[in-house]
Every structure is written in C-alpha cells, then in structure tokens.
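Below: one structure, written as structure tokens.
Please read all numbers here as calculations on a predicted model, not as lab measurements. Below, chains carry the letters A, B, ... as their sequence lines are ordered, and counting in each starts from 1.
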Number of protein chains: 2
Amino acid sequence: MPTSADVARLAGVSRATVSYVLNNTTAVRISEPTRRRVREAAEELGYVPHAAARSLRAGHSRMVLMPTPHIPAGPLYSHFLNELQWALRRLDYTVVQHGSVGMSGDEAARAWAELRPVAVLAPGAGTLGPRGVNVLKRSGAKAVLTLGPERVEGAHALLMDQREVGHCAGAHLLSGGRRSIGVIMPAEAGFETFSAPRLEGVRAAAEGTGARVVPLGLAYDEQDAAELAARWPDLGLDAVFAYNDEYAMLLMRALQDAGTGIPGDTAVMGADDLLIGRLLRPRLSTVHLEMPSGQLLAEFVDRVVRDPGGAPEVHHLLGSTAVPRDST
Amino acid sequence: MPTSADVARLAGVSRATVSYVLNNTTAVRISEPTRRRVREAAEELGYVPHAAARSLRAGHSRMVLMPTPHIPAGPLYSHFLNELQWALRRLDYTVVQHGSVGMSGDEAARAWAELRPVAVLAPGAGTLGPRGVNVLKRSGAKAVLTLGPERVEGAHALLMDQREVGHCAGAHLLSGGRRSIGVIMPAEAGFETFSAPRLEGVRAAAEGTGARVVPLGLAYDEQDAAELAARWPDLGLDAVFAYNDEYAMLLMRALQDAGTGIPGDTAVMGADDLLIGRLLRPRLSTVHLEMPSGQLLAEFVDRVVRDPGGAPEVHHLLGSTAVPRDST
DNA sequence: TTGAAAGCGATACCAT
DNA sequence: ATGGTATCGCTTTCAA
C-alpha cells in the first residue's frame, strides 16, 4: 500500500509538497508542473490517503456515526435514513453505521468513542444513556444527538414522539364513538420503546372520556393472531389500535377469519400509512407519519458541529395525522 | 480527551506500562498493584483508546466494512445482516456500514479504502467493479467479497443467484399448465440487479416448453397497478410472477378489483415468503428463500482474512423452493 | 518489572 | 516555491 512518501519519491518532491498538492492547500503556492508530476505519481501508484493517519494528525475527523437501530427499519425510516446520509455527505461528512447488537449501553458508547466521530446520531434511547453521552463528548464528539421517542440528558434530542401517534389513533377511534380500545403491543423484543409511548398516547386520548384502554400482546405470526382473535368476543372491545399497518393486517385477517365484523363489530386502526393498508378490504384506517427532512436534519448536525457550545436542543420532528379509511 | 499518557501520569507509570495493562499483554509481567493503579487511573479519567492511532501503529485494523445496499433491505435481508454482524463481532471484528449513495463505483471504492478495512463485504454488484476490488486490495483489505447476484473479478463471491428464484417460480407455474407468464419488473431504481436475473430464470424455465414470457414494468403504487390490471385481458396472460410478495399483493388486489379471477383466470406468484402473503385471499403462492447463516459467513470472512492468499472462491448461498398455496 | 524511544502516515509550521 | 521536521496517540522492541 503506497504512502505519501512513495508518491513523493516517484514525483521527486518532498512529502510536504505531496500533501499540499493533493489537498489543494491554498496557503502555499506550488508550480503547475510540480502539481502535475505529483498528481501523476499518485495516480500511477494508486495512492489512497490513510484516513486514520489523517485524523490522528488533524485531531478530529469528519465521521458521523449512526448506531444501527435494534429493530429492523421499516420503509419509512429507511427512506429517511438514506436521505439523511445523502445530505450529510453533501456537507462533506463520512457517514458510518455501527452495528451494536448485543452490547450494553456503556460498552456501546465506548466502542463508538474509540472511532472518535465528530458527531453521533443515536436512534431511540435504546442504547445511549447519560453516561454514554458523557463518554462520547469527552472523546471529542462535537455533536451527540438522539433520534427517537425519548430524550437523553446532555444530548440534543430529535424527538419522534410516539405518544402523538397513539393519541391520534385514540382520538380518531373515540370520535367514531368507540368506547373500548385494545392496543396491540408487539411481543418481539425491542419494540417496547415504540409501543409503550403509543399506548400512553391512546390512554391520554381516552383520559376523562370514560373509555377503556386494554393493552394486548401479539407476536407477529398467524397462530398467535388466531388465538387472540378466538378470545376476541370475550374481551368486549369495539376498537383496536394495532401498533402499525403490518400488525393491523395480521390481526384484521385473523379477526375476519374468526367472524368478527370490521368495522361493524370492531374498528381496526394501523399506523405508518403503508401501501399495504390501502390494499386491504376494508381499506385500513391508519396514522400517517410525516418524517422529518433529511436535509434539514443534516443542517442541524452541521450547525451543532460548528458551534458545539449551545445547550441541548429539543426538536419535535414527527407529524401525525389520522387517515380515516374503511376499517373504522 | 485523556490519552494513555494522562493515564500513565496519574498512575505514576510509563505509557508502555499502561498499554501492557490495558491490553492484557501476556508477553510481559506487570505486578498486580501496578495493574490496579493503571486500571483505576483509566477508569477515573474515562480513558477510551484512540482506534485510529492504534490501527495506524499496528498497520492493520479489525474493521469489516459493509457498504449499504442501494435498495432498502427487506425483513429477510435485514435479519440476515443482523446475524452476520453479530457473528462478526463475536470474532472480534468491528462492523461498519458505509452509506455510499450517489457515488460512482471507483469513488466509492476509494472512500472505503481510506478507512483501511481488513475486509469489505459489498452488496450486489451495484457499486463495486474489478477496479474497485483492486484499489481495496492494494489498500490492505485482506478479504474483498461480494454478496449478491453477480460475481466480480478478483473478489470472492457469495452468490445469491436470483435466477434460481425466477426458475423456481417459472417451473411451478408451468407445472400447473400455465403457458403465458408475465414477469413483473419493478419500475423503481436499483431493482434491476435483482429483477433482471429473476426474469432470466423464468425464461430459462420456459425454454423449450413453448410457453411465452412477458416482462411487465410496474411501479409500487396503486394507480400504476390499476392501469396494468385494466389492460390485463389484452395481454393474454394466464400467470404472473410478481417479483416479490409485496408487488404480488399490489398486483393481485388490482387484478381482483378489475374482475380478473385468481387463480382461475391468472395465477399469481410472489417471492420471499413473507407473512403478508399468507394473509391474502387467495393465499399467495411464493418462492421461499433460504438465506445463508450469518455465522457461517462470518467464519468464511475470518478464514479469508487469516489466509488471504487463496484464489477467489465462489459460493452459492441462496436456496429457493416453491411454496404452492392458493393463488396458483 | 518497568521505562525510554522508535515509528506508523499525514500535515503544517518554519526555514531555506 | 519547496523541504525538513515535529507532532498526533499508541504499541513494541530493547535496555535497564
């Protein structure tokens, strides 16, 4: 692997000159012929600078580290992430996702800190805690932000408040005259961070109306859904908020197969406004989530990196709107 | 940010000793009291080693770089990736995903090479070409592997042969007596790498049977599906392989709404064997994909890293099986 | 058992 | 306009 010294030797100049040329340093003037010789030498050797060496010398990097979320990202979130990465690269950051499955919060923060990222954009509050934030800041991270349902002490928060989603759904169901609302809680690990606040939101909407709110565990498979559907009549519910469109589809099918009328006997509401909801019969009512613009977020990150002094900011990013269709 | 020198000062020892203690170097014996002092000092200062400095000195890293695929990963692939990352970490690698949207192949390879990863696991053949492989190898990557439908000169190939998927679907449809097979080609960018070989597979299955194979563009939205369904009778098809279960769901709904009987008039087949397919009526026939074990793959990566000399290997990883249900 | 020092690759200051 | 060189944080011989 060729180094800048190799390039220098081949071009017959010093390593300093190589650095000046390849980085287009403006503070120093290099003659055109020299520039050409250096460029050609670099090209010929297939020289690629060593990021670690560079950032060691510079004392900082342009790496934005994004820990991979623990639950698989849906299409909505994937799209948002893509946009964000693209926008960050345009601002000349190197975006890197770090898989941290099976690490405790502090372990994870340490692992991230070892890479000395200039910014960390952590999903949810799953892994990162106040101690982790501290470790990261002390390791030189200029911006530590969380992106998810909760805020974390010391970090900027880009709140995607899941309670709003639940509130939206709850309010819609109540406005349709429903009085007993089931709320699906996915049994799969890692969903609590989202499902708990959604449940809370439904509860908040029901507050004072005298309506009943009942959490219901459900695994994402046919059999569990069938079992739930079998005891549905006993539950005495006239509505259900199914966590999201996929669980809604699962439950709706099971309920229909068990003879429960939708929306007659029970109203079903999803969330995320996926295309599949529109393909169901009856068409699935849902909560549409307005994801934040990746562009805007990237600019926020950049602002914090450039001026790290400020107090942690809290931004609310998620817009929720009920989309009534035929299942409610 | 504290350095090992700070720890040394606080513990009243040399930097060398700090390194020995924190890395549990066995070649050298440090007294227990000293170890304790060093550990306590490191703890107190919140010392986190600097990965860049370490790998600069060592001349190599333990970073496995995985460029993010250009199309959003489905649940199948996400799960597989998680497993792989987990297995790699158990082998003491640091797994990092690098988003490379909007970079040309060679640009991307350079960006990856700057990080001096010990291994690169590139999806598909989307970005990486033979030149890129070369750049990576010369930058010190011990293992360069591609994970997807095509192989790339110079790199090990973990082939997930999409033609098999198409072949499976085609063979199943033909065995049911179908003679005119439509094949859905997603209109969204980035899907060609998967849809083209799947189409090829259907063609191969039809080879010599006299059956007709017709590619059909389809965007993932209701309107486009409705338009396709409207001209369906004119197409004279008695079967369709819908690329995957999601497109199948979309198309099936549109066909049913337009009055086409399934499977009477047209057999519909998906792929991926997602749960949603089982929830449809009629239940969707599909192609089940057996994803490779992340554990096995991690071991392969590790083997190549330890013994980089060997010739590029080609492994076929995808097992496809037709799952007949009610839509065919 | 511990410390001094060389060196990994790149950069930026200070000379020339 | 260009070159010499100290420096970033860490590991690892070699000496003591």
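- What separates CZ of B:Arg62 from P of D:dC10 is a distance of 20 Å, to the nearest Å.
- Rounded to whole Å, atom P of D:dC8 lies 9 Å from atom CG of A:Leu56.
- Residue B:Arg15 places no side-chain N or O under 4.0 Å from the OP1 or OP2 atom of C:dG3.
- The existence of a salt bridge linking A:Asp302 and A:Arg306 is confirmed by a sub-4.0 Å separation between a basic side-chain nitrogen and an acidic carboxylate oxygen.
- Rounded to an integer number of Å, the gap from A:Leu45 CG to C:dG9 C1' is 15 Å.
- Closest approach to the A:Ser19 side chain among D:dC10, C:dC8, C:dT11 is made by C:dT11 (side chain taken as heavy atoms from C-beta onward).
- Between A:Thr17 and D:dG3 there is a side-chain polar atom (N or O) within less than 4.0 angstrom of OP1 or OP2.
- The side chain of B:Ser31 has C:dT1 as its nearest neighbour among D:dC14, D:dT2, C:dT1.
- To the nearest angstrom, C1' of D:dC10 lies 13 Å from CG of B:Asp6.
- One cannot find a donor-acceptor pair under 3.5 Å joining the base of D:dC10 and the side-chain atoms of B:Tyr47.
- If you find the closest nucleotide of DNA chain C to A:Ala58 and to B:Ser14, the one lying nearer the 5' end belongs to B:Ser14.
- Nearest heavy-atom pair, A:Ala298 versus A:Leu91, reported as atom, atom and distance to 0.1 Å: O-CD1, 3.6 Å.
- A straight line from CD of A:Glu32 to C1' of D:dT2 spans 15 Å, rounded to a whole angstrom.
- Under the 3.5 Å distance criterion, the side-chain polar atoms of B:Arg15 are left unmatched by any main-chain donor or acceptor of B:Thr3.
- Contact between the side-chain N/O atoms of A:Asn23 and the OP1/OP2 oxygens of C:dA10 is not found at any separation under 4.0 Å.
- When the C1' atom of C:dA10 is taken as reference, atom CZ of A:Arg9 falls 15 Å away, rounded to whole Å.
- Atom CD of A:Glu299 has more than 12 neighbouring heavy atoms from other residues, nucleotides or ligands inside a 6.0 Å radius.
- In this structure, the CZ atom of A:Arg57 is 16 Å from the P atom of D:dT5, given to the nearest Å.
- Look at A:Ser4 and you won't find any side-chain N or O under 4.0 angstrom from OP1 or OP2 of C:dT11.
- Between B:Thr34 and C:dT2, a side-chain N or O to OP1/OP2 separation shorter than 4.0 Å is present.
- Comparing B:Gly59 and B:Val28 along DNA chain C, the residue whose closest nucleotide (by nearest heavy atom) sits nearer the 5' end is B:Val28.
- When the shell of 6.0 Å around NE2 of A:His315 is examined, it contains more than 12 heavy atoms from other residues, nucleotides or ligands.
- Within the nucleic acid shown, B:Arg54 comes within 4.0 Å of sugar-phosphate atoms alone, with no base atom in reach, counting heavy atoms only.
- For the pair B:Tyr20 OH and C:dG3 P, the computed distance is 10 Å after rounding to whole Å.
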